Trainee: 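Quick one: structure below, then a few questions.
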Amino acid sequence: MTVATKLRYWLLKTEPEVFSIDDLKASQDFTTCWDGVRNYQARNFMRDQMHLDDRVLVYHSNSAPSAVVGTARICKTAYPDFTSWDCKNPHFDPKSKPENPTWFMVDIRFESKFSVPQSLFELKQIPKLEGMELLRKGSRLSVQPVTKRQFDIILNLGKPM
DNA sequence: GCCAACGTTGGC
DNA sequence: GCCAACGTTGGC
């Protein structure tokens, strides 16, 4: 029996001072583990809903300007975030144990960098993006689902190199 | 640096 | 279960 898996679309936030789209592009095999997510809703999206080859918008938060800067793909589905039980890691969480992990991560692979980064300010001007989670006031979720339509609008405007 | 909008913790 | 206090995120 074949299981039909629907391709999904996501937005992942990262602070470029910590890990940027250029860092992703420079990573071994263009790939990195998306560690350090410590929010249950974000974890649940990663653990329960991300499929192989799902598409990702990469967003630079806490930036000048904050913007969607490129795309990636999910290249490994959820597995335990081992940084959570490393007491020397800044994302250490004593309640997460190897035998019963609290936190999960996925791997993503660089796909494209935008020649025209799509700043938060610009995205807010686009009526068709109304309702997008990223644009909601006070939105802090670092792993967000986006619709295909939202993804395509931003991809087209971003003009991947 | 400020502060609004969260999510988490823990007393009760 | 309620909610105040606290810590964090992230725009500006």
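Lettering of chains follows the sequences in order, A, B, ..., and the numbering in each one begins at 1. It should be emphasised that the depicted structure is a prediction, and the values quoted were computed from it without experimental measurement.
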Trainee: Can you find a pair of side-chain heavy atoms, one from A/Lys13 and one from A/Leu134, that are under 4.5 Å apart?
Mentor: yes

Trainee: Pull out every protein N or O sitting under 3.5 Å from an N or O of nucleotides 1-3 of chain C, one pair per line with the distance.
Mentor:
none

Trainee: Taking CG from A/Asn39 and C1' from B/dA5, how many angstroms apart are they, rounded to a whole number?
Mentor: 13 Å

Trainee: Does the side chain of A/Met132 reach to within under 4.5 Å of the side chain of A/Leu11, using non-hydrogen atoms?
Mentor: yes

Trainee: Under the side chain to side chain contact (heavy atoms under 4.5 Å, CB included) rule, collect the residues that match up with A/Gln41, sequence neighbours excluded.
Mentor: A/Asn39, A/Phe45, A/Leu141

Trainee: Mind checking what makes side chain to side chain contact (heavy atoms under 4.5 Å, CB included) contact with A/Ser112, not counting sequence neighbours?
Mentor: A/Thr71, A/Phe114, A/Pro160

Trainee: Between atom CD in A/Glu133 and atom P in B/dA5, what is the gap in whole Å?
Mentor: 14 Å

Trainee: Do A/Arg38 and A/Thr83 have side-chain N/O donor and acceptor atoms under 3.5 Å apart?
Mentor: yes

Trainee: Hey, could you give me each pair passing ring pair (Phe, Tyr, Trp, His ring centres under 6.0 Å) that has a residue in residues 141-161 of chain A? Not counting sequence neighbours.
Mentor: A/Tyr9-A/Phe151

Trainee: Please identify each residue that fulfils side chain to side chain contact (heavy atoms under 4.5 Å, CB included) with A/Thr147, with sequence neighbours left out.
Mentor: A/Arg149, A/Gln150

Trainee: Mapping A/Lys137 and A/Arg38 to their closest nucleotides on DNA chain B, which lands nearer the 5' end?
Mentor: A/Lys137

Trainee: Can you tabulate the close N/O pairs, meaning under 3.5 Å, that link protein atoms to atoms of nucleotides 10-12 of chain C?
Mentor:
{"residue": "C/dG10", "atom": "OP1", "partner": "A/Lys13", "partner atom": "NZ", "Å": "3.0"}
{"residue": "C/dG10", "atom": "OP1", "partner": "A/Arg140", "partner atom": "O", "Å": "2.9"}
{"residue": "C/dG11", "atom": "OP1", "partner": "A/Tyr59", "partner atom": "OH", "Å": "2.6"}
{"residue": "C/dG11", "atom": "OP2", "partner": "A/Asn62", "partner atom": "N", "Å": "2.9"}
{"residue": "C/dG11", "atom": "OP2", "partner": "A/Ser66", "partner atom": "OG", "Å": "2.8"}
{"residue": "C/dC12", "atom": "OP1", "partner": "A/Lys124", "partner atom": "NZ", "Å": "2.6"}

Trainee: Classify the nucleic acid contact of A/Arg136 as base, sugar-phosphate or nothing, counting any heavy atom under 4.0 Å across all strands shown.
Mentor: sugar-phosphate

Trainee: For the residue pair A/Ser20 and A/Asp23, confirm or rule out a side-chain donor-acceptor distance under 3.5 Å.
Mentor: yes

Trainee: Measure the distance from OH on A/Tyr40 to P on B/dG7 and round it to the nearest whole Å.
Mentor: 13 Å

Trainee: Could you say whether A/Lys95 or A/Gly138 is positioned toward the 5' end of DNA chain B, judged by the nucleotide with the nearest heavy atom to each?
Mentor: A/Gly138

